[in-house]
Amino acid sequence: MKFFVDTADIDAIRELHELGMIDGVTTNPSLIMKSGRDIKEVTKEICDLVDGPVSAETVALDSEGMIAEGRELAKIADNITIKVPLTWDGLKACKVLTDEGRMVNVTLCFSANQALLAAKAGATFISPFIGRLDDLNLDGLDLISDIRQIYDNYGFETNILAASIRSANHMSDCAKIGADVATAPPAVIHAMANHVLTDKGLDAFLSDWKKTGQKIL
Ligand code: G3P
């Protein structure tokens, strides 16, 4: 499973990139707002840093507007993935932009039917939002599983990009189900390294080491 990081925070992206942990980046209008930066400036900086797909989201509601914004965002760099919402207009924009050979990420997906339509419209990525479904007492992981089954039944090439990831468990669950990509905030990727038994084991090793009075360096 590929890892994308869901942020527009350059320092966080740089740290994960240098560790070889990430294969791409996703942003959205809320994350751009949080960065306090100009969308084109910060997105260009991200694209210069990371070779993989970098999602930049359109904000128009009509397909013509999304297409125009998508073309403008695509000028930033070759690895831009244009993000459009899963509305009827978003699907129209997806079809036009993918026919032009551009990568498109169809976002705000909350049902298997929506994912099916995005695949028919030629989406490069479909972004089902796990956490926001879980927030409503629904099962976000079930959605990933349903989309995996449907795409595999018919050989759709659209990549399942699990989004709205809230915990380290979401990451391993998505990997078990077979999501192609999971995009997570930097803190969730960091949290994947944590285990209470690792901390406990390290404490015990260090306490015993102290008793030996030895030094390695
Ligand atoms: O980038 C879209 C998605 O990952 C947002 O997540 O936590 O705002 O539901 P969240």
Which heavy-atom pair separates [X] from [Y] by the least distance, and what is that distance?
X      : Y      : value
Ala162 : Ala179 : CB-CB, 4.4 Å
Ala112 : Leu143 : N-CD1, 3.4 Å
Pro128 : Ile144 : CG-CD1, 3.7 Å
Ala184 : Met171 : CB-SD, 3.8 Å
Ala163 : Ser127 : CB-CB, 4.2 Å
Arg102 : Ala74  : NH1-CB, 3.4 Å

Pairwise distance [atom1]([X]) to [atom2]([Y]) - rounded to 0.5 angstrom:
X      : Y      : atom1 : atom2 : answer
Asp23  : Leu16  : CG    : CG    : 11.0 Å
Ile82  : Thr107 : CD1   : OG1   : 14.0 Å
Glu15  : Met21  : CD    : CE    : 9.5 Å
Asp146 : Leu141 : CG    : CG    : 11.0 Å
Ile165 : Phe3   : CD1   : CZ    : 9.5 Å
Leu197 : Leu202 : CG    : CG    : 12.0 Å

Should [X] and [Y] be counted in the same cluster of Ile, Leu, Val, Met, Phe, Trp and Tyr side chains packed under 4.5 Å apart?
X      : Y      : result
Val181 : Val84  : no
Met103 : Ile67  : no
Leu206 : Val196 : no
Ile189 : Phe4   : no
Ile76  : Leu31  : no

- Is Lys92 salt-bridged to Asp62, cutoff N-O under 4.0 Å?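 No, no charged N to carboxylate O under 4.0 Å.
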- Task: Run the salt-bridge test on Asp135 and Arg132 with the 4.0 Å N-O cut-off and return the result as yes or no.
- Result: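 No, this pair does not count.
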- Does atom CG of Leu138 have more than 12 heavy-atom neighbours, drawn from other residues, nucleotides or ligands, at distances under 6.0 Å?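 Correct, the count exceeds 12.
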Any ring-ring contact (aromatic ring centres under 6.0 Å, His included) pairs touching [range], not counting sequence neighbours?
range            : value
residues 77-111  : Phe110-Phe129
residues 132-156 : Tyr151-Phe156
residues 189-208 : none

- Carefully, step by step, assess Leu161 and Ile126 under the rule side-chain contact (heavy atoms from CB on, under 4.5 Å). CA-CA 6 Å; Leu161 198 176; Ile126 180 68; over 6 Å; no
- Message: Run the side chain to side chain donor-acceptor pair (under 3.5 Å) test against Lys95 and tell me which residues pass, sequence neighbours left out.
- Response: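 By the side chain to side chain donor-acceptor pair (under 3.5 Å) rule, Lys95 matches Asp99.
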In a table with atom names and distances, give each donor-acceptor pair under 3.5 Å that connects a side chain of residues 46-57 to protein atoms at least two apart or in another chain.
residue: Asp48; atom: OD1; partner: Lys44; partner atom: NZ; Å: 2.8
residue: Asp48; atom: OD2; partner: Lys44; partner atom: NZ; Å: 3.1
residue: Ser55; atom: OG; partner: Asn105; partner atom: ND2; Å: 3.1

Just distance, no hydrogens or angles: give the donor-acceptor pairs under 3.5 Å from side chains in residues 5-13, sequence neighbours left out.
residue: Asp6; atom: OD1; partner: Thr26; partner atom: OG1; Å: 2.7
residue: Thr7; atom: OG1; partner: Asp9; partner atom: N; Å: 3.0
residue: Asp9; atom: OD1; partner: Asp11; partner atom: N; Å: 3.0
residue: Asp9; atom: OD1; partner: Ala12; partner atom: N; Å: 3.2
residue: Asp11; atom: OD1; partner: Arg14; partner atom: NH1; Å: 3.4

Just by distance, do the side chain of [X] and the backbone of [Y] share a donor-acceptor pair under 3.5 Å?
X      : Y      : result
Glu69  : Met66  : no
Arg148 : Gly178 : yes
Asp89  : Ser63  : yes

- Message: My understanding is that only one of Thr58, Asn28, Leu108 makes a side-chain contact (heavy atoms from CB on, under 4.5 Å) with Lys83; could you say which?
- Response: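 Considering Thr58, Asn28, Leu108, a side-chain contact (heavy atoms from CB on, under 4.5 Å) with Lys83 is found only for Asn28.
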- Task: Begin from the C-alpha positions of Thr124 and Thr158 and carry the test side-chain contact (heavy atoms from CB on, under 4.5 Å) through to its verdict.
- Result: CA-CA 5 Å; Thr124 319; Thr158 299; over 6 Å; no
- Query: Under the salt bridge (Lys or Arg N to Asp or Glu O under 4.0 Å) criterion, do Lys200 and Asp203 qualify, and how do the steps go?
  - Reply: CA-CA 5 Å; Lys200 208 175 154 196; Asp203 281 350; over 6 Å; no
- Please assess Val106 against Phe125 for the test side-chain contact (heavy atoms from CB on, under 4.5 Å), listing each intermediate value before the final yes or no. CA-CA 6 Å; Val106 181; Phe125 297 100; over 6 Å; no
- Item | Derivation and outcome, side-chain contact (heavy atoms from CB on, under 4.5 Å), residues Lys75 and Ile80 | CA-CA 8 Å; Lys75 286 182 196 161; Ile80 283 288; over 6 Å; no
- Query: Are side-chain heavy atoms of Ser207 and Lys211 found at a separation under 4.5 Å?
  - Reply: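 Side chain of Ser207 against side chain of Lys211, heavy atoms only: contact under 4.5 Å found.
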